[in-house]
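This report refers to the structure that appears directly beneath it.
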Amino acid sequence: MPGYQLQEVTESGNAAGPRVTVETMAGLAEWVTRDQRWLWDSAAAIYPALVAAGIRIDRCHDIALTERILLSRQGVFGLPVLAAAVRARAMGEPVPDDRDDVPGPPALFEAESTRRTGQPDVDPIDTLQFAIADQRRRIANDRALALLVAAESASGLAAVEMGFVGLPWRVDIHQDLLTDLLGPRPPAGHRPVRLATLSQEIDHAFGFPVNPDSAVDLRAAFRRAGFDIESTRSWVLKDLDHPAVPPVLRYKELARVHSANGWNWLDEWARGGRFHPEYLPGAVVSGRWATRGGGALQIPRGLRKAVVADPGHRLVVADAAQLEPRVLAAISGDAALQRVSADVDLYSALADDGFGGDRSHAKVAMLGAMYGATSGESGRLLGTLRQRYPVAMAYVETAAREGERGGVVHSVLGRACPPPGAGWRAAVEIGTQQDATDAERRRADQFGRDRGRFTRNFVVQGSAADWAAVWLSGLRRDLRAVPGAELVFFQHDELIAQVPVESAETAADLTVAAAMAAKALVFPRSPVTTPVLPKIVDCYADAK
DNA sequence: TCAAATGGCGCC
DNA sequence: AAAGGGCGCCATTTGA
């Protein structure tokens with residue numbers, strides 16, 4: 001593994017510390033000691049090889065992840081080739097907004113001059129030194145931003161480690177579930193018997209053949225049967241009085257299992273009893289993680305039975321209860337909502353505080369407020385929220401107005417949302433001219449409202465992601481003191497650690513402590529709580 | 001014919 | 001209870 005160039009930095013943060021040129025893994029191992037922070041271009045590019053070689057590090061500064069956050073604040077998105085961005089900044093040129101570039105692992109030291117013609121070659125160490133100094137300068141004196149960058153860098157380490165370790169996955173249990181639902185595994189290219197049977201029932205109910213996998217065909221069939229529907233989404237179909245509806249809904253459900261998490265998924269993703277998705281920290285504009293491969297963030301609840309701890313171990317499943325409304329209470333400073341958020345079941349408290357004890361109404365209303373619902377029950381319930389929590393509602397309304405007029409908003413620690421694109425600006429520009437047609441006005445309105453919903457949600461979702469990154473990185477650090485403990489899954493506001501039986505209670509306590517620490521760091525002086533309720537289980541399905 | 005767009009649905 | 005935010009993935013459809 002030659003060619004990696006890392007720079008060691010002293011605890012004092014002196015970037016001019018000794019240089020290390022790593023020629024081999026064995027050579028690197030000598031350099032890895034505790035209490036070092038490594039500076040490197042990207043954990044995603046370097047760390048997988050180290051982890052595979054049995055090397056773990058405690059801390060790092062990840063130039064790529066940091067640069068993405070810093071560039072977001074300059075309105076640059078789409079992850080330009082990192083070296084190009086650093087080089088442009090070094091030369092005082094505008095940073096290229098390279099949306100179409102293929103986002104491979106961001107590589108500072110790859111031979112980019114061969115890929116991107118016309119660029120001068122640069123010394124990687126010089127580039128690294130410049131990048132570090134430049135980033136430090138841009139972060140200087142912004143404690144929130146420094147916290148975000150530290151948490152993001154640590155997330156980069158956790159992501160690589162979790163991808164390497166993988167989520168325990170019992171293939172036999174998964175196979176049994178599939179057989180129960182769909183019948184035996186069909187030959188390649190064939191439908192399982194259960195789907196074929198349902199398809200026949202659907203044909204029979206309509207009186208003519210219909211392909212239930214085709215939305216076009218299915219909608220035409222229902223229209224032919226006298227139901228003037230716009231789409232075939234299941235919540236539309238479920239209200240129709242037609243004999244085809246039950247088998248269609250069941251077909252959709254099972255076809256989803258088959259195509260998304262069927263035998264092909266098992267072959268590709270769960271060999272060896274582990275599911276190894278690739279985690280991409282901060283890859284969602286809001287700062288949430290994304291994953292690549294296997295749909296790791298959409299594991300159906302019904303499949304959680306297949307996630308079982310190794311012998312002698314337990315799973316510690318911890319999630320932050322109703323994180324987003326608590327975050328809204330914190331960032332808005334709404335005293336009434338903060339009082340409600342003192343309750344472990346926030347929605348129940350909300351229900352008792354203006355929704356006549358109706359928890360589901362309270363929940364719908366709050367979600368609607370954060371997502372920008374306009375119509376229906378949720379829209380009507382917004383009035384109650386405005387009356388009870390005017391400060392919180394004004395906060396999200398302000399964010400929405402900012403988005404509608406083309407502005408940007410920030411998460412609590414300072415991640416910026418993308419500015420509107422050229423198409424958006426053009427459409428709004430045209431639609432607001434004196435001589436605009438009705439269609440142009442409607443289009444401009446639509447674009448404005450859509451973006452308002454986006455920025456409204458961004459401030460909440462992004463701040464929740466900030467909190468979660470701090471939580472995760474703190475827990476990762478603390479968990480290193482627990483022998484045999486590994487983080488194995490992370491999903492927005494929920495994580496799973498696999499821990500030796502005897503350490504399960506300790507690890508569970510650590511998830512709680514890390515949540516309290518995250519609250520104190522991200523929302524200092526705020527009275528809100530961000531409770532975490534860890535469950536110690538053998539099987540993920542038993543955690544809820 | 002093939003790549004991009006769409007519809008749909010799983011998770012938060 | 002409603003169909004509002006963010007994603008990834010699959011099968012089908014569209015259109016160049």
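Every chain is numbered from 1, with letters handed out A, B, ... down the list of sequences.
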- Span of DNA chain C, from the first to the last nucleotide whose atoms fall under 4.0 Å of chain A heavy atoms: C/dA1 to C/dT13
- Side chain of A/Arg223, backbone of A/Ile229: donor and acceptor closer than 3.5 Å? yes
- Task: Locate the shortest heavy-atom distance separating A/Phe77 from A/Ser72; write the atom from each residue and the value.
- Result: CZ-CB, 3.4 Å
- Task: Indicate for each nucleotide in nucleotides 3-12 of chain B, in 5' to 3' sequence, whether protein heavy atoms under 4.0 Å reach the base (B), only the sugar-phosphate (S), or nothing (-).
- Result: ----SBBBBB
- Note on the structure: For A/Ala365 and A/Leu382 the tightest heavy-atom approach is O-CD2, 3.7 Å
- pair A/Tyr389-A/Val340: side-chain heavy atoms closer than 4.5 Å: yes
- Task: Keeping the roles fixed (side chain from A/Arg274, backbone from A/Val165), state whether a donor-acceptor pair exists under 3.5 Å.
- Result: yes
- Under 3.5 Å, is there a donor-acceptor pair between the side chain of A/Lys519 and the main chain of A/Ser526? yes
- In terms of side-chain geometry, is the basic nitrogen of A/Glu440 or A/Arg443 positioned less than 4.0 Å from the acidic oxygen of its partner? no
- Message: Contact list please: residues 180-191 of chain A against DNA chain C, heavy atoms, distance less than 4.0 Å, in numerical order.
- Response: none
- Query: Any idea how A/Trp265 and A/Trp169 line up, ring-wise: parallel (<30°), tilted (30 to 60°), or perpendicular (>60°)?
  - Reply: tilted
- Close approaches to DNA chain C from residues 347-370 of chain A, in residue order (heavy atom, under 4.0 Å): A/Val364, A/Gly368
- Task: Apply the side chain to side chain contact (heavy atoms under 4.5 Å, CB included) test between A/His174 and each candidate in A/Leu178, A/Val171, A/Asp172; give the one that qualifies.
- Result: A/Leu178
- Query: Mapping A/Lys238 and A/Ala290 onto DNA chain C by nearest heavy atom, which one lands closer to the 5' end?
  - Reply: A/Lys238
- Message: Taking any heavy-atom pair under 4.0 Å as a contact, classify A/Val460: base, sugar-phosphate, or nothing.
- Response: nothing
- Query: Who are the salt bridge (charged side-chain N to carboxylate O under 4.0 Å, His left out) partners of A/Glu397, not counting sequence neighbours?
  - Reply: A/Arg386, A/Arg401, A/Arg456
- Salt-bridge test for A/Asp445 and A/Arg442: reply yes if a basic N is under 4.0 Å from a carboxylate O, no otherwise. no
- Item | Lys/Arg N to Asp/Glu carboxylate O, A/Glu152 vs A/Arg415, below 4.0 Å | yes
Let me check something: any side-chain donor-acceptor pairs from residues 317-327 of chain A under 3.5 Å, sequence neighbours excluded? List them with distances.
residue: A/Gln322; atom: OE1; partner: A/Arg326; partner atom: NH2; Å: 2.9
residue: A/Gln322; atom: OE1; partner: A/Leu346; partner atom: N; Å: 2.8
residue: A/Gln322; atom: NE2; partner: A/Asp345; partner atom: OD1; Å: 3.3
residue: A/Arg326; atom: NE; partner: A/Ala321; partner atom: O; Å: 2.8
residue: A/Arg326; atom: NH1; partner: A/Ser341; partner atom: O; Å: 2.6
residue: A/Arg326; atom: NH1; partner: A/Asp343; partner atom: O; Å: 3.3
residue: A/Arg326; atom: NH2; partner: A/Asp343; partner atom: O; Å: 3.2
residue: A/Arg326; atom: NH2; partner: A/Val344; partner atom: O; Å: 2.8

- Query: When we call it a touch if two heavy atoms are under 4.0 Å apart, what does A/Ser286 touch: a base, just sugar-phosphate, or nothing?
  - Reply: nothing
